[in-house]
Amino acid sequence: MKAFVTGHRGYIGTHLVDVLKQEGHHVTGCDLGLFDGCNWAPMPKPDKELNKDVRGITPADLKGYDCVMHLAAISNDPMGNINAQLTFDINRDASIRIAKLAKAAGVPRFLFAGSCSVYGQGTKLDLDESDPLNPLTAYAQSKIETETAVSPLADDNFSPAFLRNSTAYGYSPMLRIDLVVNNLLGSALAYGEIRIQSDGSPWRPLIHCRDIARAFVAFARAPKAAIHNKAVNIGGNSENYQVRQVGDQVQRLIPSAKVTYTGEVGADPRNYRVKFDYLYSLLPDFKLQYNLVSGMEELHRKMVDYGFSKKDFEGDQFVRLRTLKKHLNLIQPTAA
Ligand SMILES: NC(=O)c1ccc[n+]([C@@H]2O[C@H](COP(=O)([O-])OP(=O)(O)OC[C@H]3O[C@@H](n4cnc5c(N)ncnc54)[C@H](O)[C@@H]3O)[C@@H](O)[C@H]2O)c1
């Protein structure tokens with residue numbers, strides 16, 4: 001397979017390049033490199049690399065590929081709050097344009113990195129793909145609006161699919177610690193405190209970042225009928241956790257760390273427990289490689305080996321928003 005991967009230098013994208021290469025596929029990556037230099041381990045290399053803004057992708061760029069895997073995005077709720085226009089510009093408008101270009105270029109499959117955050121403030125537990133969407137942020141809204149605009153492009157020769165990913169965690173060469181699991185582990189190592197910003201009650205579906213990459217590859221290889229124009233939750237039924245349970249798991253790994261509730265976000269309205277039966281009915285052979293215990297143990301080992309400290313927790317390297325703010329000049333919204 002010839003795969004065109006956007007956002008291939010990000011947290012999930014680095015795994016995707018690696019998984020694709022290990023399976024012998026040809027990979028072209030396209031990334032602006034917003035976090036270049038933030039990696040803490042060597043990055044896997046695609047066969048070909050376009051160092052450009054995805055908003056500047058041309059029809060010629062996409063010719064000859066079997067699948068576009070579109071991950072590049074401002075993948076951050078707080079950034080969406082600071083500059084919603086930028087989030088819509090990159091996450092929604094550029095995504096719709098790339099899907100149209102892919103279709104025009106004859107690429108048969110377009111896989112979109114969506115998010116379970118589209119369920120937002122869940123009106124009930126165990127949400128599935130037929131439940132109402134309730135986005136609470138520009139980020140989540142941008143993901144829904146992309147699904148809505150790209151879905152009608154589906155036809156006999158073009159199969160989009162929307163992977164509504166759980167919240168990622170775990171080791172990646174391009175680590176980020178602004179995601180709940182990694183953040184709690186990082187705060188335990190940095191301060192000896194597991195700093196929970198809410199009251200710990202919200203539910204989140206969690207998935208190792210490498211399992212998201214593996215899901216993309218499974219969607220690329222699946223029979224067309226299984227994935228054609230489907231929006232699918234990506235994760236596992238047993239991998240829904242309340243934030244306080246994540247804290248308990250961190251404490252198991254670092255018994256000296258104390259759980260503290262900082263109350264920074266008050267009662268967090270983002271609360272969703274999600275079902276994944278549809279995924280396993282469509283792709284019965286797909287299995288997660290990690291669960292929270294094994295994924296967290298792996299990341300803990302890597303962080304200890306690295307000597308992860310307060311300096312790392314408070315610095316820019318592993319926190320998307322802090323690095324993005326320094327690169328805003330590179331990604332200003334395009335003129336309407
Ligand atoms: N991390 C999660 O928990 C999670 C959960 C659900 C969905 N997702 C989605 O998965 C995708 C990847 O997430 P991630 O955690 O790897 O994010 P990330 O921030 O680590 O990586 C995003 C990559 O996209 C690139 N990028 C951003 N804007 C670009 C532009 N205009 N042109 C070219 N490149 C650009 C960045 O340089 C970066 O390398 C995103 O679409 C995100 O919304 C992530």
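Given the structure is predicted, the values throughout are model-derived calculations rather than measurements. In each ligand, atom 1 is the first atom listed, and ligand 1 is the first ligand listed.
In terms of protein heavy-atom proximity, atom 3 (O) of ligand 1 is nearest to Ala168 N, 2.8 Å. Annotation: atom 15 (O) of ligand 1 to nearest protein heavy atom, Arg176 NH1, 2.8 Å. The shortest contact between atom 37 (O) of ligand 1 and any protein heavy atom is with Asp31 OD1, 2.7 Å. Of the protein's non-hydrogen atoms, Leu71 O, 3.0 Å is the one closest to atom 40 (C) of ligand 1. Taking atom 7 (C) of ligand 1 as the reference point, the nearest protein heavy-atom neighbour is Gly114 O, 3.1 Å.
At a 4.0 Å heavy-atom cut-off, ligand 1 does not touch Ile212 at all. The backbone of Lys52, and not its side chain, has at least one atom closer than 4.0 Å to an atom of ligand 1 (non-hydrogen atoms only; backbone = N, CA, C, O). Under 4.0 Å from ligand 1, the heavy atoms of Ile90 that appear belong solely to its side chain.
The N/O atoms of Ile12, backbone and side chain alike, include one that comes under 3.5 Å of an N/O atom in ligand 1. Of the N or O atoms in Leu32, one or more lie within a sub-3.5 Å distance of an N or O in ligand 1. For ligand 1, the polar-atom distance check finds an N/O of Tyr139 within less than 3.5 Å of one of the ligand's N/O atoms. Note: an N/O pair closer than 3.5 Å links Asp53 and ligand 1 by distance alone.
Ligand 1 does not have Met174 within reach: every non-hydrogen atom of the residue lies 4.0 Å or more from it. By the 4.0 Å heavy-atom criterion, Tyr169 is excluded from the residues contacting ligand 1. The shortest heavy-atom distance from Ala94 to ligand 1 is not under 4.0 Å.
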